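Just below is one structure, and these are the notes that go with it.
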Amino acid sequence: MKTEFPKAYEPILAEDKWYPLWLENKIFAADNKSEKEAYSILMPPPNVTGILHFGHVLNSTLQDIYIRWKRMQGYEVCWFPGMDHAGIATQARVEKELKTTENLTRYDLGRDKFVDKVWEWKEKYGGIIFNQLQKLGISTDWDRTMFTMDEAPSNAVKEVFIRLFDEGLIYKGKRIINWSPSAQTALSDEEVDFKEIQEKLYTLRYYFEDSDEYLQVATVRTETIFGDIAVAVNPEDERYKHLIGKHVLVPIVGRKVPVIPDVHADPAFGTGCVKITPAHDPNDFLVGQRHNLEIINTINPDATLNENAGEFAGLDRFDARKKVTKKLEELNLIEKAEDYAHNVGISQRGGEPIEPLLSDQWFVNMKPLAAKALEVVQNQEIHFHPNHWIKTYEHWMNNIKDWCISRQLWWGHQIPVYYTEDGQFTAAIDETHAREKLGLSADVKLRQEEDVLDTWFSSWLWPMSTMGWMSDHNTETTDDLNKFLPTDLLVTGPDIIFFWVARMIMATEKFKGEIPFKDVYFTSMIRDGQGRKLSKSLGNSPDPLNIIAKYGTDAVRFTMIFLAPLGQDVRMDVDVDAQDIPSMEIGRNFANKIWNAGRFLNMKYEQAVENNGDNSDVVIDDSNLTTSDKWIRSRYNTTIQKLNNALTEFKVTEYSKILYDFIWRDFCDWYVEIVKIQFNDADSNKQVAIAKFAIDIYEGILRMLHPVMPFITEELWHLLTGKDDNETISTQSTPVPVDTYINIAIEEKLELLQNIVEEIRKLRSSTSIPPSKKLPVAIAIKDANIRTVFDEAKNVIAGMAKCSEITIAESVEKPESSLSSVIREIEIFVSLGDAIDLDQEKERLQKEIARLEGNIRGCEKKLSNERFVSNAPADVVAYEREKLASMKESLTKVKDNLSSL
RNA sequence: GGGCGAGUAGCUCAGUUGGUCUAGAGCACCUGCCUUACAAGCAGGGGGUCGGGAGUUCGACUCUCUCCUCGCCCACCA
C-alpha cells in the first residue's frame, strides 16, 4: 500500500495531531521511583500575567532540546513547569481592570475581597501562557505544574521565613528604601533602574543667622528643603573649615541648622556644600546617623508633600518642586540655575522615579548566605555557560547588601509575623504557634503583619518547593527531592542572575545543603534588525504564535537555535505590521528539505518493492556496500559524535549547524543523488536493499533531529516505519556512534571525488553548452588507490557531472578540443568539440599558471627559510614539501595542456 | 569610575590549543537550469588588506600591549 506523502510538509497537521497524543500517552510524565538515572530541569516560572514572547521561545526550545535528548538517551526525565504570582504586576493588572470595569479601587473592596478577585482573574487568564507554550511542543510534565501561591510552596515560604527570623537573619528595620509611589510599595535595589535625566540644578542661598553672608548649596530637589537638618562640608575643605559649627537658615523654612563636617561632601562637586535631608536621601540618611541628626519626613507615600511643607502640603512632589522653586526665586534665594544631566532611579514596575522613603521594612541579612553560594560557583560545582558570568556573580556576592523583602501589597505571601497589641512579635506558621512562641494564653489578640513578601522570596525556593519540600510544614524530604535534586540544567536570562539564580543557590545550600542545579545556561537577548530589544512598549515584538502559524513550530524552534549563539545577542529583521520574521525561512526551508528527502526515499523504497517484491531480508553489509555507502555511513557516525559533543558542551547553535550541513550537503546534495544513480544501476533484487540502507540512515537522522524538531520528525518517523500512532520517536534511543564505521580515508577519497565532480561542472559552466547536454570526460589518476575508488564510482561521477562517456586511467592523451584542469595532480579533460573557445581557454589556463606559480614561490620561500624548517613541527614541514611537489607537478601539467592548444 | 562582551564578505554570523585557511556558511546579489524528492529547489559565480597601530614568533583572524567604535552590567553623582 502506498504511503500518503504530501508534496510539502504541512506543520499544522503534525502539530495538532501529535501533541495531544504525546499528552495522552504520558510521554512527558516523570516517575520519581524509576531505576533510571535522573535528568531534570526547572522551568523558570513565567509570570501569571505573562504572554508568550520570543525570549520564552528561545528559552523553552533550549530546555526542550535537552529534555528530549536526555529522554531519548534513556534517562528518567522530569521538566518541572510552574507559574509565578508576580506580586506587583498582577496586583496592578487587576486594579486596572477593577477601575475600568467597576470603577472601584482595591480599598473599596478591602483586602480579602480584592485577593479573591485576583484569584478569579488568575483562574480566568492565568493559564494562557501554558497553552501558548504547548504550541511550542515542549515536553514538560504538566501534571506537576505548580503556582507560587499554591499551598505547598506557600508553606515552604513560611517555613523559610520563620527559620531565618528565628536565626536572626531576617529583621525589621527603619531604613531608606526605594519607594514606588504608583504601586505604593517598597522595592528591592534590583528592581530599580537608573536613567539619565536632564534637570535643573539650583544653587540656593543658606544665609547665616543675622548676616548678609550665605552658603551656596546646590540641589535638584528644591521640594526637599523642608526636611533639611544640616549643611555638610568636607572636613578637609579649607574654604569652609572655619564655618563648621556655625548655623545657617534653611530657605523659606527659616529653620536654624548647623554646618557639619562630613566626608560625604565632595569639595570638587558644585560649591562643596551639601544640604542634608536624612528622610529623603540614602546618603543623607547615613550622614544623619553619623551625626545623630533629627529626621524630618516631608513626603507622603503617595509622593505628595506632608504638613511639614507648610503651604506646599498636599502638592505632588514634582508640582511642589516648581512652586517651591518659584517662591525661592521671588525671595531671591536662588544663586543660579544650571542644566544638569544626572541619573535618577526609575521603578522597573511603574516606570516613575522612585522616592527614597524612610519606613519600617523587613530585610534578609544576606552576607551569611553568600559565602557558600559563592564557593560552589567558584569551585565549579555549578557551571555557568558562558563561563564569564562568574565574574558578575562574584562581584555581586562580594558586595552583597541586605535584601528588602517586604512589599506593601495585598497580592502575595503575607508575612507570617504576629504582633500583640503591646508590640511583641514573632514569626510563626499561624496564631496558635505564635502565641506558643511568645508564651501567651489563647485569648490574647494577635494581629498579622500586613505586608507581603517580595515575589522573589518564593522564587528562590523554587528548586525545593516544586519538589514538595516543607509542603506541609513537616516534610524535609520527598521522592522528588531524592530523585531530581540537584536539577541538571537551568536555562535563563542573565538579567535575573541576581534576582533569581544567585538566590536559589543561596537558599538551596542553606536549607538543603545542596546545589540547586549543575549547569546554568544563560540565553541570548533577542533583538530586532536595528539592535533593539524586542519589547511590547517599542512595538517591535510580533506574537510568536503568528510566526509559528506562518512557518511551523519546528521551523521557528530550529531557526531560533540556529541564530542564537551562546552568550551573544540575536538579531533578526522583524516586520511587526505583517507579523513576520523573514529569517524563519531558514527553518521552514530546512524542514521542507528534510520532508522531501523522506518522501523521495520512501518513493524509491515502494518502487523497489513494487518491482521486486519485499525482499527486505537482503543482508546489507560491507560486502555489498559501495565506497559511497561507506562514506555516508562514516559521515553519519562522525556527525553523531559531533552532535553529542556539541550538546554536552552546551553549544546548541553548533548542534543545529552540524545537522543542517550534514543533512543538506552530505545527505541530500550528495548521497541522495548517488542513491538515484546506484538504484538505477542495480540489479532489481538489490534495489530494496539500496533504499533500505538509505532509509536506515535517514531514520537515524530523524532521531538526531527530534530534540529540536519534534513534530516533523515524529510525522516522518511514522510515515517511514508505519508504526502505530501510540508509539513515538520521543522514546526511541538517540543514535549511538559506531567507531568502526568512521573511516577518515574513505571520507577523504569521496571528498576528492566531489572536488572532481565540481571541477567538471565548473569547466562546463564556463561554456555556452546547455546543462542538459552530456559531454565526454577523461580523467587521469596516477594513484592506484584513488583510481580504484573512482573506477567503482564511474557512473556516479558520470551522473553527477553529466558525462556522456567517462574514461578513467593512469594516464590519458589530452583529447582534441577539450578543456583541462588539474586538481591535486589529477587531470580532467572535458571534450567540447566545435563549441570550444580557444582564446578563452588559453586565458583561463594562463591565469591558473600564474596562480600556481605564485603559490609555489610562497611555498619555496617558506621552505628555504632555515628557521622555519628547523623550528616548525616536522609534519607541518612535510606537508609544505608535499604541497610544493604537488603544485609543481600540477604546474607542469597545466603548462603542457596550454601548449597543446 | 569598575567590570564584562563584541568588532571577519552588503547583512547575520562560523573559524576549536597560532601552521592542510588560497579565511568559510546562510541570506542578499549575478549567470544558467521547471534534471519526475524539494523553485521553500538544483548547478555555477562575484564579493573580505579578518576595527587601527605596535609587539611576540620561522609563521597571527587566532597570543600580548595599546588605541578607536558599539553593546551590556554594577557603582554613584548633592
Side-chain angles (χ1 to χ4, degrees), chain A residues 5 7-9 189 194 196 201 203 217-221 224 232 264-266 269-277 281 283-284 340-344 386 388-392 394-396 399 494-495 497-498 525 527 529 531 533 551 555 562-563 565 567-573 582-583 585-604 645 649 651 653-654 657 660-661 664-665 668-669 672-673 676 758 761-766 768 770-772 799-802 851 854-855 858 862 865-873 875-877 879-880 882-883:
Chain A
F5 227 124
K7 182 165 172 170
Y9 171 57
D189 291 344
F194 284 92
E196 189 169 285
L201 180 67
T203 304
V217 178
T219 184
V220 170
R221 306 197 56 191
T224 62
H264 169 55
D266 175 6
F269 187 91
T271 60
C273 304
V274 54
K275 71 193 201 64
I276 301 301
T277 320
D281 183 283
N283 284 311
D284 291 8
Y340 183 55
H342 68 146
N343 285 331
V344 173
H388 66 76
W389 286 105
I390 288 184
K391 296 214 169 181
T392 307
E394 281 174 344
H395 184 259
W396 191 73
N399 295 282
D495 49 330
I497 187 168
F498 310 133
M525 185 89 79
R527 298 179 180 280
K533 203 170 153 176
Y551 295 96
F562 192 79
L563 293 179
Q568 247 170 274
D569 292 351
V570 193
R571 273 192 185 217
M572 303 186 297
D573 277 319
S583 41
E585 285 183 7
I586 298 169
R588 184 197 57 181
N589 294 355
F590 184 46
N592 197 239
K593 189 74 185 174
I594 295 159
W595 180 264
N596 274 291
R599 190 162 81 104
F600 173 75
L601 293 178
N602 182 66
M603 191 189 85
K604 280 289 161 197
N645 290 340
E649 291 165 21
K651 294 175 178 169
T653 296
E654 203 172 298
K657 289 192 194 301
Y660 191 89
D661 287 343
W664 207 305
R665 301 268 82 92
C668 292
D669 287 353
V672 171
E673 294 305 317
K676 287 180 188 175
E758 281 163 352
R761 288 170 176 166
K762 206 182 292 182
L763 289 175
R764 291 186 53 123
S765 73
S766 65
S768 56
S772 53
M800 302 284 272
K802 288 266 168 348
R851 192 187 67 86
N855 287 344
K862 216 175 193 181
N865 183 340
E866 188 52 44
R867 288 183 298 180
F868 170 73
V869 179
S870 53
N871 287 326
D875 57 331
V876 172
V877 178
Y879 171 73
E880 287 295 327
E882 219 172 280
K883 197 169 82 177

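Hydrogens, waters and symmetry mates play no part in the numbers below; they use all other heavy atoms, side chains included. In this text the structure is predicted, and so the values were computed from the model without any measurement. By convention in this document, chain letters (A, B, ...) are assigned in the order of the sequence lines, proteins followed by strands, and residues within each chain are numbered from 1.
Under a 4.0 Å N-O distance rule, the pair A/E880/A/K883 qualifies as a salt bridge. At a threshold of 4.0 Å, the pair A/K676-A/E673 counts as salt-bridged, since one of the basic side-chain nitrogens sits closer than that to a carboxylate oxygen.
Put simply, A/R665 has a side-chain N or O that comes within less than 4.0 Å of OP1 or OP2 on B/G26. For the OP1/OP2 pair of B/A40 and a distance below 4.0 Å, the side-chain nitrogens and oxygens of A/W664 include no atom meeting the criterion. For B/G41, the OP1/OP2 oxygens have no side-chain nitrogen or oxygen of A/K593 closer than 4.0 Å. At the phosphate of B/U35, neither OP1 nor OP2 sits under 4.0 Å from any side-chain N or O atom of A/K802. Contact between the side-chain N/O atoms of A/K604 and the OP1/OP2 oxygens of B/A37 is not found at any separation under 4.0 Å.
Pairing partner, B/G48: none, since no Watson-Crick or wobble contact has both distances short of 3.5 Å. Base pairing annotation: B/G59 forms no Watson-Crick or G-U wobble pair, as no partner gives both donor-acceptor distances under 3.5 Å. The nucleotide B/C34 finds no pairing partner, because no Watson-Crick or G-U wobble arrangement with both distances shorter than 3.5 Å includes it. If you check B/U69 for Watson-Crick or wobble pairing at under 3.5 angstrom, you find it paired to B/A6. Nucleotide B/A14 is matched to nothing when pairs are restricted to Watson-Crick or G-U wobble geometry with both distances under 3.5 angstrom. Remark: B/C76 base-pairs with no nucleotide in the shown strands. Criterion, Watson-Crick or G-U wobble with two distances under 3.5 Å.
With distances taken from any side-chain atom of A/A8 to the nucleotides B/A40, B/C42, B/A37, the minimum falls on B/A40. Closest to the A/R527 side chain, of the nucleotides B/C33, B/A40, B/C72, is B/C72. Out of B/G26, B/A40, B/A37, the shortest distance to the side chain of A/N589 is found at B/A40. Considering only the side chain of A/Q568, B/A6 comes nearest among B/A6, B/A37, B/A78. For A/R571, the side-chain atoms get nearest to B/C13 when compared with the rest of B/C58, B/C13, B/G26. Across B/G19, B/C4, B/G71, the shortest atom-to-atom separation from the side chain of A/V876 is found for B/G19.
Nucleotides B/A28 and B/C11 are separated by 15 Å at their P atoms, to the nearest Å. Between B/G48 and B/U8, the distance separating the two C1' atoms is 7 Å to the nearest Å. Comparing the same atom, P, in B/U57 and in B/C13 gives a spacing of 36 Å after rounding to whole Å. One C1' atom belongs to B/G47, the other to B/U22, and the distance between them is 15 Å to the nearest Å. Look at the P atom in both B/G46 and B/A25: the space between them is 11 Å, to the nearest Å. Rounded to whole Å, the separation between the C1' atoms of B/U12 and B/A6 comes to 14 Å.
Within 3.5 Å, no donor on the side chain of A/R867 pairs with an acceptor on the base of B/U57, nor the reverse.
Nucleic acid contact for A/F194: base, since at least one base atom lies under 4.0 Å from a heavy atom of the residue. Backbone-only contact: A/D669 has heavy atoms under 4.0 Å from sugar-phosphate atoms and none from a base. Among the protein residues, A/N865 comes within range of the sugar-phosphate backbone only, with heavy atoms under 4.0 Å from sugar or phosphate atoms but none that close to a base. In this structure, A/E758 reaches the sugar-phosphate backbone alone: every heavy-atom distance under 4.0 Å involves primed, P, OP1 or OP2 atoms, never a base. At a threshold of 4.0 angstrom between heavy atoms, the contacts of A/G587 with the nucleic acid are absent. Using a 4.0 Å heavy-atom distance criterion, A/E673 is classed as a base contact. Residue-level contact check: A/K7 touches the backbone only, with heavy atoms under 4.0 Å from sugar-phosphate atoms and none from bases.
Atom-to-atom, CH2 of A/W389 to P of B/C73 comes out at 9 Å; the value is rounded to the nearest Å. Summarising the geometry, the separation between CG on A/D573 and P on B/G26 is reported as 19 Å, rounded to the nearest angstrom.
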(message) Pair A/N596, A/R599 - check side chain to side chain donor-acceptor pair (under 3.5 Å), show working.
(response) CA-CA 5 Å; A/N596 274 291; A/R599 190 162 81 104; 3.1 Å; yes
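Classification of the A/W664-A/F590 ring pair by plane angle, with boundaries at 30° and 60°, yields parallel. Between A/W396 and A/F498, the ring planes lie parallel to each other; the angle is under 30°, not in the 30° to 60° tilted range.
A donor-acceptor distance shorter than 3.5 angstrom exists from the side chain of A/R764 to the backbone of A/P770, with no hydrogens or angles considered.
Within 6.0 Å of CD on A/E882 lie no more than 12 heavy atoms contributed by other residues, nucleotides or ligands.
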